[in-house]
Asks: 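Structure incoming, see below.
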Amino acid sequence: NIFEENSMDRFDYLTIEDAAETVGKSVSWARKHCGDNDFPRRYYAFDNRQKLLKRDDWYEYCEQHELEIVRNI
């Protein structure tokens, strides 16, 4: 479990769905961009099926690509 390994808080991470919602985009848009070279690394959590992004990495990606944060989650 990523939270035990890194002793990080769940609130430091976003699901792909949450990340897309922060910028007002669809989940399919986010999944399409997962292959970008500079897209934030995804971490497995829980049952090794759910992938999470570090919140700070996501916000940095948004800043680099001039994606406006329209909703904080």
Side-chain angles (χ1 to χ4, degrees):
N1 184 318
I2 191 171
F3 304 115
E4 293 169 0
E5 291 172 16
N6 296 325
S7 70
M8 296 196 69
D9 192 334
R10 287 174 192 246
F11 300 109
D12 292 335
Y13 292 86
L14 295 168
T15 64
I16 296 292
E17 294 81 4
D18 288 342
E21 195 173 330
T22 64
V23 293
K25 301 285 187 183
S26 68
V27 174
S28 60
W29 174 90
R31 288 198 175 116
K32 177 183 171 192
H33 288 280
C34 285
D36 293 353
N37 287 338
D38 61 344
F39 196 83
R41 180 176 171 214
R42 291 176 292 159
Y43 298 88
Y44 288 104
F46 310 118
D47 57 6
N48 287 333
R49 291 187 299 178
Q50 185 174 18
K51 292 182 181 177
L52 303 174
L53 307 171
K54 285 186 179 177
R55 186 178 297 269
D56 291 344
D57 291 351
W58 174 248
Y59 289 147
E60 183 178 321
Y61 176 82
C62 291
E63 186 176 321
Q64 290 172 350
H65 291 271
E66 298 180 1
L67 296 169
E68 182 184 354
I69 304 297
V70 295
R71 182 172 180 208
N72 285 321
I73 298 193

Asks: Indicate yes or no: at least one non-hydrogen side-chain atom of Tyr13 is less than 4.5 angstrom from one of Lys54.
Replies: yes
Asks: Using the ring pair (Phe, Tyr, Trp, His ring centres under 6.0 Å) criterion, which residues pair with Phe39? Sequence neighbours excluded.
Replies: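 Partners of Phe39 by the ring pair (Phe, Tyr, Trp, His ring centres under 6.0 Å) criterion, ordered by chain and then number, come out as Trp58, Tyr61.
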Asks: How many angstroms lie between CD1 in Ile16 and NE2 in His33, if you round to the nearest 0.5 Å?
Replies: 12.0 Å
Asks: Looking at CG of Leu14 and CG of Asp56, how far apart are the two atoms once the value is rounded to the nearest 0.5 Å?
Replies: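 These two atoms lie 9.5 Å from each other.
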Asks: Salt bridge between Glu17 and Lys51, side-chain N to carboxylate O under 4.0 Å?
Replies: no
Asks: What are the two closest non-hydrogen atoms of Val23 and Val70, and how far apart are they?
Replies: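 Shortest heavy-atom separation between Val23 and Val70 comes out as C-CG2, 3.7 Å.
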Asks: Once you round to the nearest 0.5 Å, how far does CG of Leu52 lie from CG of Asp57?
Replies: 12.0 Å
Asks: How many angstroms lie between atom OG1 of Thr15 and atom CG of Leu53, to the nearest 0.5 angstrom?
Replies: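 Atom-to-atom, Thr15:OG1 and Leu53:CG are 8.0 Å apart.
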Asks: I need the minimum non-hydrogen distance between Ser26 and Ala20, along with the two atoms involved.
Replies: O-CB, 3.6 Å
Asks: Atom OG1 in Thr22, atom CZ in Arg55: separation rounded to 0.5 Å?
Replies: 8.5 Å
Asks: I'd like to know whether CD of Glu68 has more than 12 heavy-atom contacts from other residues, nucleotides or ligands below 6.0 angstrom.
Replies: no
